[in-house]
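Structure record follows, encoded as structure tokens.
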There are 2 protein chains.
Amino acid sequence: MIPAEQTSDNPNFERFQTICRDAGLKLTPQRLEIYNELAVARDHPSAEDIFHRVRRRMPTIALDTVYRTLTTFESIGAIARVDVADDRARFDAELGPHHHCVCARCRSIKDFQWETFDILGMPKETSAWGRLMDKQVVLRGVCRDCLRKEADSEG
Amino acid sequence: MIPAEQTSDNPNFERFQTICRDAGLKLTPQRLEIYNELAVARDHPSAEDIFHRVRRRMPTIALDTVYRTLTTFESIGAIARVDVADDRARFDAELGPHHHCVCARCRSIKDFQWETFDILGMPKETSAWGRLMDKQVVLRGVCRDCLRKEADSEG
DNA sequence: TTCCGATTTAAGAATCATTCTGAATCAGGC
DNA sequence: GCCTGATTCAGAATGATTCTTAAATCGGAA
């Protein structure tokens with residue numbers, strides 16, 4: 001049973017409730033906090049990032065619970081694991097069409113929209129591959145922060 | 001010192017030699033075998049995949065050597081680590097523009113070209129992000145093999 | 001309100017992809 | 001051929017992630 005102060009003023013509660021209900025999962029305060037932290041994150045956090053953030057409002061939560069809950073959410077399609085080469089798993093609550101800028105230095109990931117691309121449809125070059133469900137652009141380079149750091153260490 | 005039978009008939013030797021020379025790396029038989037197996041691979045293999053393939057011609061090679069060498073090659077820009085959510089690191093010797101179809105089931109990755117996309121340039125939506133160097137499309141879905149397996153297990 | 005399967009926690013252990021360490025060997029410049 | 005720093009190998013270590021156990025608590029249907 002989730003206490004009222006966790007749900008009032010929480011724009012993500014409705015979606016969380018629908019997701020769990022549809023999947024036959026119980027609504028627990030831990031699940032809500034984890035879902036919420038991921039939903040408000042702009043930075044595609046790792047499990048440990050989420051753990052540290054959730055712990056501020058829920059100091060007794062276990063790291064194992066975070067990992068286990070993220071895996072459960074992923075398996076029901078509520079969140080996505082981000083396709084990026086990083087030592088740690090990264091997660092994303094945004095499931096709609098969007099794209100990523102990935103920094104080669106710090107592995108930070110920034111979302112962006114690109115309508116010019118979205119209207120292209122699927123390439124005919126891949127028509128024999130299997131069942132395509134979604135397409136995303138990944139831009140790679142070095143983010144402004146890392147560029148600034150590199151300039152600073154050379155200046 | 002690389003024996004002649006490793007270099008004759010090897011179309012990838014020239015590129016391998018250039019890469020190592022330019023980076024000030026010694027040419028070793030192990031490095032050549034690892035480079036070559038990755039260069040001929042169509043499937044974006046993991047370190048362990050490469051290890052098993054190299055071991056057929058070089059039974060004494062160590063798994064650590066494969067990992068270390070792949071990391072070295074990556075750090076000099078000779079190969080790329082593939083951005084995909086997989087428990088193991090995946091690698092790619094193809095550095096030119098190309099795109100990936102990723103299977104949600106088996107994590108297999110298939111290359112394809114898409115000229116319609118390549119000519120788009122970079123999106124103006126990301127112009128403030130930092131220094132962009134390259135762009136790739138990732139298509140996600142279920143590959144033909146997995147679709148066939150799923151149909152078989154239901155039929 | 002009761003009941004029962006689901007979930008969490010704590011604590012510790014296990015797994016496994018990957019990296020480290022130290023001794024031996026090697027590539028290549030001179 | 002000599003020499004020296006680079007590289008490899010064998011074995012050990014690391015750390016993100018998952019498992020185990022057992023007890024306690026909880027969500028939610030009836």
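Chain letters run A, B, ... following the sequence lines, proteins first and then strands; every chain starts at 1. The structure presented is a predicted model; accordingly, all values stated were derived computationally and were not measured.
Across all strands, A/Asp64 comes closer than 4.0 Å to base atoms (heavy-atom distances). Residue contacts for B/Thr28: at a heavy-atom cut-off of 4.0 Å it reaches the sugar-phosphate backbone alone, with no base atom in range. Across all strands, B/Ile2 comes closer than 4.0 Å to no nucleic acid atom at all (heavy-atom distances).
Side-chain nitrogen and oxygen atoms of B/Arg68 include none within less than 4.0 Å of the OP1 or OP2 phosphate oxygen of C/dT19. For B/Tyr67 and C/dT19, the shortest distance from a side-chain N or O to OP1 or OP2 is not below 4.0 Å. A close approach under 4.0 Å does not occur between any side-chain nitrogen or oxygen of A/Gln30 and OP1 or OP2 of D/dC26. A/Thr65 has no side-chain polar atom (N or O) that falls below the 4.0 Å cut-off from OP1 or OP2 of C/dT8.
Taking atom CG of residue B/Asp86 and atom C1' of nucleotide C/dA17, one finds them 11 Å apart after rounding to whole Å. Atom-to-atom, CG of B/Leu25 to P of C/dG28 comes out at 10 Å; the value is rounded to the nearest Å. Protein atom CD1 of A/Ile61 is 17 Å distant from nucleotide atom P of D/dT25, rounded to whole Å. Rounded to a whole Å, the NZ atom of A/Lys26 is 8 Å from the C1' atom of D/dA29. For B/Ile34 and D/dT7, the CD1 to C1' distance is 11 Å, given to the nearest whole Å. If you take CZ of B/Phe73 and P of D/dT7, they are 10 Å apart, rounded to a whole angstrom. Here the P atom of nucleotide D/dT7 and the CG atom of B/Leu70 are 15 Å apart, to the nearest Å. For A/Leu63 and C/dA13, the CG to P distance is 17 Å, given to the nearest whole Å.
A side-chain donor from one of B/Ser46 and B/Asp49 sits under 3.5 Å from a side-chain acceptor of the other. Defined by atom type and a distance below 3.5 Å, a donor-acceptor pair is missing between the side-chain atoms of B/His99 and B/Asp111.
Looking at which nucleotide of DNA chain C each of A/Thr60 and A/Arg31 is closest to, the 5′-most match is held by A/Arg31. The residue among B/Pro29 and B/Arg88 whose nearest nucleotide of DNA chain C lies closer to the 5′ end is B/Arg88.
A distance of 6.0 Å separates NZ of A/Lys124 from OG1 of B/Thr116, quoted to the nearest 0.5 Å.
The aromatic rings of A/Phe73 and A/Tyr35 sit perpendicular, their planes meeting at an angle over 60°, well past the 30° parallel limit. Ring pair A/His100/A/His98 is perpendicular by interplanar angle, where above 60° counts as perpendicular and below 30° as parallel.
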